[in-house]
Structure formats: structure tokens, C-alpha cells
Amino acid sequence: MAAETVRLPTLIHISYSLKVPDSRIYLSPPSVGELEIKQVVAALESGWVAPLGPEVDAFEVDLAEAAGVKYAAALSSGTAAIHLALLGLGVKPGDRVYCPTVTFGATAFAITYAGAQPVFIDAEEETWNVSPGALKKALKKDAASGQLPTAIITVDLFGRTCDYDRIMPIADKYGIPVIEDAAEALGATHGTNKAGSFGKAAIFSFNGNKIITSSGGGMLVSNDETLIEHAKFRATQAREPYPWYEHEHIGFNYRMSNILAALGRAQLSRLEEIIENRRRVHDHYQDHLAGVEGVQVVGDPPWGRSNYWITNIRIDSSIHPNGPNRVREYLETLNIESRNAWKPMHQQAVFADADSYLDGTADKIFDEGLCLPSGIELTNDDVDRIAEFVKVGLLS
Ligand SMILES: *Cc1c(COP(=O)(O)O)cnc(C)c1O
């Protein structure tokens with residue numbers, strides 16, 4: 001069957017409708033074009049429609065290289081990857097697992113899937129990532145009361161790596177393994193290292209709004225081959241090597257399909273182009289908003305390159321009270337999507353009973369942080385216009 005006979009109008013429409021001037025501007029829409037269409041069609045035509053196949057194997061090799069690690073397991077989501085990382089590190093019901101309080105809910109949800117309890121740690125001002133100081137205090141206190149966590153999850157928020165020069169020695173001192181949730185950070189760096197290369201294991205997400213997408217999917221990466229093999233085993237219903245279905249462990253249906261891996265690989269081949277454009281968007285916001293009193297455009301951390309998945313601004317509440325909400329509501333009247341920073345997990349009703357180590361930073365970030373549209377199909381004019389609307393919104 002020739003590729004031309006395959007109808008894919010919806011996909012093309014989603015990609016190009018963003019260019020219609022009066023259509024909604026989304027926070028982080030996927031950018032999917034001819035290359036992705038070609039590679040997905042080729043995967044379909046290859047006959048490998050069964051879940052696994054050569055695109056899955058190749059995506060694992062390509063992604064491991066992009067993250068600077070040896071092994072990878074392609075999974076159905078980033079959330080599944082966190083769950084399997086926790087199980088692989090021996091997290092059991094009743095255990096405690098440290099989690100940054102500023103993150104997307106999925107990080108903390110996965111801890112509960114393992115039957116463990118999340119313990120929330122506060123953020124640092126500069127990157128919004130987990131605070132090494134708060135982490136140190138928490139470990140000291142929990143060591144003294146004999147309730148050290150089984151694992152520590154760090155999150156590279158919005159494409160900015162954590163302060164690993166300080167975090168890793170603290171975790172090592174207590175012998176606690178680190179899982180790096182790099183769901184948002186593919187292509188970001190820390191010195192000469194890449195996001196995903198820190199800790200015992202790391203995870204990525206290819207959800208539709210992330211820096212690259214497989215429409216839905218995730219990856220667990222590690223230099224520990226046993227951990228990755230364990231994850232692949234558990235992710236394919238824990239099938240023992242018998243001619244019948246023999247089960248000695250609980251399994252999950254967590255693997256990525258070959259068709260989606262083809263889409264993910266096509267996107268991965270465009271990673272640098274995507275990051276360049278996310279940076280272009282960020283730079284335009286920076287140019288327009290840098291001089292505005294009480295507004296800070298969050299830039300690269302001191303130790304590496306952000307992938308600028310989402311451009312964040314911080315609006316000083318002493319100068320512009322309730323700034324993020326006022327700007328967001330104003331942009332909404334123009335059909336432009338923006339979003340408050342992640343609401344801290346310790347403020348969420350579902351985690352009301354969880355332990356936490358807090359110093360007020362996360363609460364302040366939530367009160368002052370805003371996420372601006374960052375899709376790569378925004379033109380410079382679009383970004384300049386949105387930045388001007390942000391200023392108007394501040395006065396509203
Ligand atoms: C998106 C995201 C996840 C979950 O990834 P899915 O692929 O959507 O399951 C986990 N952690 C963080 C920080 C994320 O942003």
C-alpha cells in the first residue's frame with residue numbers, strides 16, 4: 001500500500017491549525033509533521049503492529065544515548081516508569097519515599113502504587129527544584145528517628161536539572177538511591193552530563209504535551225542492566241519463560257507499542273531543533289519581560305542548559321498581588337492558555353496526611369509562578385504579542 005493512500009487529515013490539522021491567527025494558543029502543543037507521519041506509516045506497513053517490535057528496540061537504544069546511559073525500557077507512560085523504578089529498587093508497602101512537593105501529581109501517585117508513603121520536600125528559589133538544604137535536614141531528622149526513606153525522587157522541573165552536585169553527596173551519605181524524574185527534561189544538561197544520567201535510574205515522559213511525544217509513552221533508563229531487565233519483565237505481565245503462562249510475580253501491562261515507538265523516534269531525531277525553538281520562544285519572552293518591575297523570566301540554572309520545555313515567569317506578589325491569576329484570566333479572554341505553577345503536593349487534599357519538610361518556598365512559587373505558551377510553532381510575533389498581553393494582564 002502506498003503511503004499517499006493513507007488518510008491522516010486529523011494529524012495534519014492539529015499541527016497546522018496553530019497557525020490560524022484567531023485559533024486558541026495552547027501551552028505546549030505537539031509539533032508533528034511529515035517526518036512523523038512517514039515513520040508511523042512505515043511502522044504500520046512493516047507489519048509490526050503487535051505491541052513490541054524493532055522500533056521499540058531502536059527507540060530504547062536512541063533514547064539511552066540521548067540521556068547518556070546504557071540501558072532503557074520503553075513503557076506506556078512516564079508514570080509507569082516511576083512505578084517500575086520504585087519496585088526495582090525494592091520499595092515495599094509502608095516504606096517512605098522522598099518526593100519534591102513542587103511537581104506534577106504523577107510523581108507522587110507512583111509512590112502510592114508501590115504501597116509506599118510520599119514524604120514531601122520543599123523547593124529552592126532559583127530553579128523551583130528540590131532544595132538540597134531541605135533534603136539534608138529531612139534525612140538528618142529521619143535518620144535520628146530511624147525512619148529513613150527507601151528512595152529519593154528528584155524532579156527536573158520544566159526542563160531544568162536539579163543541583164546534583166549538592167544532592168548526590170547527601171543521598172550517598174545515607175546510602176539512599178535516587179530516581180531522577182526527568183519527564184520534562186529530555187535534552188537538558190548539568191555540566192557535561194545529561195538529564196537522565198543522575199541517580200540509580202531515571203524516567204522520561206512522551207505524553208502529548210512534553211518536549212517530544214509518542215502521543216503517550218515513557219522510558220525508564222539506567223546503567224544497571226538488571227534493573228532494566230526487571231522492568232521489562234514486570235511490564236510484560238511478569239511472564240516466566242515457560243510454554244504456558246507461569247507467574248511467580250505480579251505483572252503489569254506497561255510496554256510501549258511499536259507504532260508509538262516509531263512516532264517517538266521520529267520526534268527524538270528532531271530534539272535539537274525542538275529545543276532551539278523552545279529557547280527562541282523563551283528568549284523572546286525574556287526580551288519583552290526582563291525590564292518589567294516584579295517580573296522574572298526563569299532562565300537556565302547556573303550549572304547547565306534548560307530545554308525550555310515551558311517558559312516560566314515569577315511575578316512578585318508584593319508588587320503585583322495575585323499576579324499569576326490575573327494574567328492567566330486575562331490571557332484566557334484572548335483564547336491563550338497559560339497555567340499556574342504546579343500546586344505543591346503538600347497542599348493537595350489527596351495527600352493531606354502525608355509527612356513533609358517545608359520552609360515556605362514551594363507555597364511562594366505556587367503563588368507567584370506562571371507557565372506561558374511555549375509551543376515551537378509560535379512565531380516570534382506570536383510570542384512578542386503574548387508578552388505584551390502579559391503586561392496588560394498585570395495592569396488588569
Ligand atoms: C508528565 C510527567 C510525569 C508523568 O508522565 P506520563 O507519561 O504523563 O505518565 C511524571 N512526572 C512529571 C514531573 C511529569 O511532568
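Worth saying up front: this structure is predicted, and the values here are computed from it rather than measured. Note that these values count all heavy atoms, side chains included, but never hydrogens, waters or copies made by symmetry. Read the numbers this way: they start at 1 and go in the same order the structure lists the ligands and their atoms.
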Next item on the list: Please go through I319's hydrophobic cluster and name the other residues, only I, L, V, M, F, W, Y counting, with side-chain heavy atoms under 4.5 Å joining them.
Entry: none
Margin query: Closer than 4.0 Å to some heavy atom of T103 - which atoms of ligand 1 meet that?
Written below: 13 (C)
Next item on the list: Select the closest option to atom 5 (O) of ligand 1 among A182, G217, S205, judged by heavy-atom distance.
Entry: S205
Notebook entry, point to check: So which protein heavy atom does atom 1 (C) of ligand 1 come closest to, and at what separation?
Noted result: K210 NZ, 1.5 Å
Check: Which protein non-hydrogen atom lies closest to atom 4 (C) of ligand 1, naming both residue and atom, and how far is it?
Finding: T79 OG1, 3.5 Å
Next item on the list: Answer yes if the ring centres of F158 and W342 are under 6.0 angstrom apart, and no otherwise.
Entry: yes
Check: Closest non-hydrogen protein atom to atom 11 (N) of ligand 1, residue and atom name please, with distance?
Finding: D181 OD2, 2.8 Å
Notebook entry, point to check: Mind checking whether H346 and F351 have ring centres under 6.0 Å apart?
Noted result: no
Next item on the list: Considering heavy atoms of the protein only, find what lies nearest to atom 15 (O) of ligand 1 and give residue, atom and distance to 0.1 Å.
Entry: E184 OE2, 2.5 Å
Checklist line | Ligand-side contact atoms (ligand 1) for residue partner A106, heavy atom cut-off under 4.0 Å | finding: 3 (C), 4 (C), 10 (C)
Next item on the list: Compute the centroid of each ring, for F59 and then for F206, and state whether the two points are separated by less than 6.0 Å.
Entry: yes
Next item on the list: For ligand 1, find out whether one of its N or O atoms is nearer than 3.5 Å to an N or O atom of G78.
Entry: yes
Item checked: SB check R166 D163 (cutoff 4.0 Å) -> yes
Next item on the list: List every atom of ligand 1 that sits less than 4.0 Å from any heavy atom of N207, numbering the atoms from 1 in the order shown and giving each element.
Entry: 8 (O)
Enumerate donor-acceptor pairs with a distance under 3.5 Å from any side-chain N or O in residues 64-77 to protein atoms, sequence neighbours excluded.
{"unit_1": "S76", "atom_1": "OG", "unit_2": "Y254", "atom_2": "O", "d": "3.4"}
{"unit_1": "S77", "atom_1": "OG", "unit_2": "T79", "atom_2": "N", "d": "3.4"}
{"unit_1": "S77", "atom_1": "OG", "unit_2": "A80", "atom_2": "N", "d": "3.0"}

Next item on the list: Determine, for R385 against E388, whether the closest basic-nitrogen to carboxylate-oxygen distance falls under 4.0 angstrom.
Entry: no
Checklist line | Validation row, ring centre H83 to ring centre F109 under 6.0 Å | finding: no
Checklist line | Distance filter under 4.0 Å to V155 heavy atoms, resulting ligand 1 atoms | finding: 13 (C)
Check: Given that the side chain starts at C-beta and the backbone is N, CA, C, O, which of these parts of L157 lies under 4.0 Å from ligand 1, counting heavy atoms, or is it both or neither?
Finding: neither
